[in-house]
Amino acid sequence: MKAPLSVAVAIAIGLVVLLGYFMPFERLTSLRIVLLDWAVILAAVALLVGIGNLIYVHWRKSVRAQGESVHSVALLVSLFLTLGVVGWFSPTHPYSLWIFNNIQVPIESSLLAILAVLLAYALVRLLRRRMDRFSLVFVATVVIVLIGTAPLLGFDFPILGDLRSWLAEIPAVGGARGILLGIALGIIATGVRILIGADRPYGG
Amino acid sequence: MADTRCPMCGKVNPDDREECQYCGARLVPLIIEAPPEEEGERGSGGAAAESAAWERGSGGAREKETGEAGFEEGFSEFEAEGDADWLSELRGEENLPQPPLVRGEENPPQPPLIRGEQSAPQPPLERGEQPQEAGEELDWTAGEGLEEAETPDWLHELQEESGGASEDQAAFEDEAGDEALDWLEQMRQRGEQAQQEEIPEETPDPAVPDWLEQLDEEEEDLKGFGKPFRSEEPDWLSEAAGGPEDLAVSQEIPEWLSEISGPTTPEEAEPESVADEQSVDELASDEIVVPDWLSELENPPQPPLIRGEQSAPQPALEKGEENPPQPPLIRGEQSGPQPPLTRGEETRQPGLERGEENPPQPPLTRGEQSAAEEAEPEISRAEIPSWLASMRPVEDAAPPIAPHEASIPRVESAGPLSGFSGVLSPQPEVGQVPKPPTYSIKLQVSENQKSHADLLTEMLAQEGEAQAIPRPAMISPQHILRSAIALIIMLAVLWPLITGSQEAPLPSFSPGTAAVNQLINGLPDQAQVLLAFDYEPALTGEMEPAASAVVDHLMLRGAYLSLVSTSPLGPIVAERFLSTTQAEHGYASDSQYVNLGFIPGGPAGLLAFAESPGRVLPYTLEGNPAWGRGGQPALPPLQGVTHLSDFDLVMVITDSPEAARTWVEQAQPFLEDESAQTPLVMVTSAQAEPLVRPYYQPTSGQVQGLLSGLRDGGAYGRLTGSEGLTRKYWDAFGLGLWVAAAVITVGGLVNVGLGVGRDRGWGIRDRG
Amino acid sequence: MNITDLSMADLAGLILGFFLTLLVFSYIFGDNPLFRLTIHIFIGVAAGYAAMVTIYNILLPRLVVPLFGEDGGERLLALVPLLLGLLLFSKLSSRLAMLGNLPMAFLVGAGAAAAIAGALLGTLFPQTAASINLWDLQAARESGTGAGEQFINGGLILFGTLTTLVYFHFGVRSRPEQPDQRAPWIVEASKAGEFFIAVTFGVLFAGVYAAALAALVERLSFILDFIRTMLMPFISS
Amino acid sequence: MTTSLIAALVVLAFFILIILFSVFSQRLPAWNFRAIPAFDRLERAVGLAVEAGNRLHLSLGSGDLTGTQSAVAFAGLSMLRRVARATSVSDKPPVATAGEGALAILSQDTLRSASRESGVDFDLMNGRLTGATPFSYAAGALSVIHDEDVGANLLVGSFAAEVALINEAGERAHSLTLAGTDNVPGQAVLFATANETLIGEETFAGGAYLGAGPAHLASLRVQDIFRLGLIFVIVAGALLKLLGVL
């Protein structure tokens, strides 16, 4: 087993935190809280490291004289500008909010907005790509719920509204619950695999 | 096989004839049995596996499981040394000039026999095939290789095929048995050793496209796989054209193969369309076909070259059946140079031996006579040595040496052995070798090698650079369809916005909406409300109209707001929300509302916050101590708050069911206090509703009020008379939804109409 | 909104937002350099903002403040994450990366445990309980929903949940000489489960679509407003 | 109290069963698992990428490592490990993208150890953080797909609607997209946009289906056992509730 130390650490920390959840001992609980606190800090540091990696990647791309190097330069510039402004003033300072409101929000919500087209396009092609009852039920449901959500200008169709909410409140809830329970089982199994050292994503 | 079709005039001859009785073209290429034999080897090995695989393919569900198992252990095998070896070997070889040649010549024959015949009518098949071959390439996927077979139409095609295949195979293996000669034995053994090396070498498909593109109507069908091939194929062809016959070969094989296979397997019902298509192909490439076909007849090694490479048995055995029984021995001899082809690096030694014994062979029958004669002048032209040599650069010099040693026995002139002939010379042979004959292999070889080397380097170099998105995409049907959909939907949305129409009635309030309204109305003055902004900036378009009416109501009631979030940008979203949608209230930071920033650590973090808010988020986003510190009082919105249950209301505004669930599961339990119960209400995006609603069900009751999406936002606005944003968007939203639904329905139906029986790249599948 | 009563910054913001929106929309009609430029700017801004919020919101209060705070115990406690955090930075170099394995192991261990606990306490138990409570006709009566209605709806939801669960069953019967196959009852149940999954996906997809369409409406009305604002002076004059 | 006790027992049972099944995997009667088309596709995609010399792109989503979403990312990482080993001979190693710092680091570690095993140098460029927020991450992954000659995309992680952008990019770059996530709306979007979708729990089965070792197979068995148990509990509980016993 490579890197026995890291494996030991992973397992030990995991087990302590897990026990901290289930064992009603004050000590364990507070220990769990401290450990999770550290984990949160580490995750935050990891984000910075990740951004370091982002910078590194785009630095290398931008020095490489190619078409997309311009993009990488733009990325680096905007990144450092934002770091500077938001860092110098606070995240909620008007200048920071100006960047947020006039660059980030427009782009991000536009990205979501084009999904309104791309998703419709995907559904149109879905039936050709995958013609089976699953897809048929899927598309039919989508259409019903869509038209049941809002009135067509002057004309309102209450029946559609009721059908929509029935779909959303009965069968959808049933299915979603089944999916969530299954996922929960998957999550537990995956976590356990890590805590017995079978999976070692941390370079082990 | 009752009779043979002339590949020249296409007329049918009795199969005992060697020449076409109509056009006199030679019907029976002087085939060396070796390749078929060696095919036979594989027929019993790899090919058997393949046909088995086909049956699996046709077996529907069954082979899935077996394949599964096969895959399971296959994968572990893959890790085992041996396999890692061949893969790395495969890689290693790519540094030598062979692979391009090998691959290139290998593949053209291989596709046609499976696909040229069957798949011509419907493209899906060959697309289906490609992954399979790639699959075989790594042997851990071999088990799964033919999963493709799921598409029904190609399924039963395959059943026919595999039926035919297996019996052909049997027939063929007998034949192979007859001519088990000692040197063949060796080859067979080598063949067996070579198996593993061969499989990877056969699969690469740089050349697939040139036939594939004949068959393919729309290249976008190729999907991802198309790309690499399309990009590699042209330059491989052009490069390989160093020897024109290379090009010829790779083009002409599909013709004569299908030529022969067409008639020779009468039991399989060939669709007319296929026949036509083939004949068309013929006509098209006639002038190419004829010369090559001839030259192929004239110089023995070439057919082997082609057949030697074939990975699947049929063509080989169809050929085999055609061949009139000719003394295999000589043919075997002449085929000497051939087997190395398939043999990867083992080429060396066998090549040498045969090289030595080959030429001296006295021609025995007329057949070989002619072959020998023809071969002489041929060689210089057809560059057989060139490919041969290019296969094994090392022994370029060998062939020249051998003949001289054999034909001019040295007579010892001095010493005790004087007068004796054929005595081994003390000095190295090399010294005495006369200058190689005019058709110096060496020269051609080096050229050819060079061309192939260049080819390889080019190909490798190309793999390095990223490939541009294919231009055609810009004008592809998808592109048109996408743009059309975009225009329709955008116009539908723009129209009401431009006309400022407000016809659509705002939705009547739902129980959830009413509940929220009552709760807010019931709040004490200057209530302390915890407001969680848990949505991405992208969702502002939906969440702001959905939540503005509610938050507006809260502010009208003069509530103190404490803003938190569980996503990093949540606090900023919150600031934006207050400064844009609620600007008129002019809430002041820290006095009327406090932005506590975001709670990191997912569920655990939220749990900690629920347990002790002040410990987890001690400061405001600006870094001021929010809960008071050292005598300094807490900020107004938080005065007297120590537990979550001290808030008068907790409202979660979120787009993510995850976040909503986390709040319900982690925080809700802390809202119940012996004194009172703090209500938890949610404003969710439409996408989260189905997953959040269960918590609002009477039987659950963990969430006391629920608003979801623009719809309920509008309903709430209608209740409080602050319709604002929702009213502005409502008509456009409604019309957009209806038009989108219409587009989806119509487009879907049309696509179904067009798409029936056609596999759009990623395949029809039943998840049952 | 009138162009005259806009501050310079607002105006610049509007113009910027307008063009960025158009550039993103251009992706619908095909990938293009300007779109790429836009999203790269976006990535940069988002990363910068996230980094800063993280620093302001986590690192400062939880790491830096305790380190320089007066409480000795806190200082000591803060040293551990500080050390681990510094080790984490070794991941930026290919040679020293090994050093960072320890903090990553810590993170993974804690994360795995948190995931297990979250799945159990956050999903498995509550959802199971909710499914069981579906037939709590007592509560239904109290809350005004008819018992019969509750029985039927609850039964439907229950059926959906169970069949969906069955659908995910992985095991198949394997007998020698015979193709593996799922037990007949599993096959039947998973067909029903399939239906429920499809409906669920349909509803959720429609929800996502509604969200996207709302964003589209908001963007387009933004564009319209912008154009109107810009044209206002010319119209009025 | 009782809840946490039951929870502890359930977890304990999970541990014990998984350990038992993975230790005695040899002696136990062979269990086969139903075919999941997406994994068949994946195997071929891997083979083809090695063959055609274009890259595999594995994306781990933007799940928070300290939250529940970490698990699906871990599942993605074990698939990444398999894929990386399978393609170690390819001229182009797979590229992994993530939307969360820790995940990006983990993807690097995974690729690093995979390339160490196959004696290839690891390049930091192959494990990237493409964006710090979900949408910016998706935008970054989108340009990776467009620019880096990606032949197949394997998306296993926590995604919401933004994943549609990644799939659209895959579609336009004519590359295969296989995806699975723990986020249910994300799954709905994936079903409509990806070439192959892993539904719900299937996403966590990747390791087992790619032969990542006995522990993964064992966990599938245990999941099946617990699933049946869960069904029993729900049915029994609901009936008891109906009878007013509970």
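It should be emphasised that the depicted structure is a prediction, and the values quoted were computed from it without experimental measurement. Each chain gets a letter, A, B and so on, in the order the sequences are listed, and its residues count up from 1. What you see below is based on every heavy atom in this structure, not just the backbone, and it leaves out hydrogens, waters and symmetry mates.
Heavy-atom neighbours of chain B within the stretch residues 34-49 of chain A, taken at a separation under 4.5 angstrom, comprise A:L36, A:D37, A:V40. Of all residues in residues 82-92 of chain A, those placing a non-hydrogen atom less than 4.5 angstrom from a non-hydrogen atom of chain B are A:S90, A:P91, A:T92.
For a residue to count as touching a neighbouring chain, one of its non-hydrogen atoms must lie under 4.5 Å from one of that chain's; by this rule B:I744 touches chain A with backbone and side chain alike. With a 4.5 angstrom heavy-atom cutoff, B:A608 does not touch chain A via any of its atoms. If you measure heavy-atom distances from A:A116 to chain B, the contacts under 4.5 Å come from the backbone alone. Looking at B:V573, the atoms closer than 4.5 Å to chain A (heavy atoms on both sides) sit in the backbone and in the side chain alike. Using a 4.5 Å cut-off between heavy atoms, A:Q104 contacts chain B through its side chain alone, with no backbone atom that close. Heavy-atom distances place the side chain of A:L180, and not its backbone, under 4.5 Å from chain B. Residue contact with chain A, scored on non-hydrogen atoms closer than 4.5 Å, is absent for B:I488. Of the atoms belonging to A:I144, not a single heavy atom falls under 4.5 Å from chain B. Contacts of B:E611 with chain A are made by side-chain atoms alone, with heavy-atom separations under 4.5 Å and no backbone atom involved. For A:L97, the part lying under 4.5 angstrom from a heavy atom of chain B is the side chain only. When heavy atoms are compared at a cutoff of 4.5 Å, A:L112 approaches chain B solely by way of its side chain, counted from C-beta outward.
Considering all non-hydrogen atoms of both residues, B:L710 and B:A546 come closest at N-CB, 4.3 Å.
Annotation: B:F733 is in aromatic contact with B:W730 [ring centroid separation under 6.0 Å].
Per-residue heavy-atom pair counts under 4.5 Å with chain A were compared for B:I485, B:L481, B:V743, B:I572, and the maximum is reached by B:I572.
Other residues, nucleotides and ligands contribute at most 12 non-hydrogen atoms within 6.0 Å of the CH2 atom of B:W495.
Checked for salt-bridge contact, B:E689 and B:R711 miss the test: no charged N lies under 4.0 Å from a carboxylate O.
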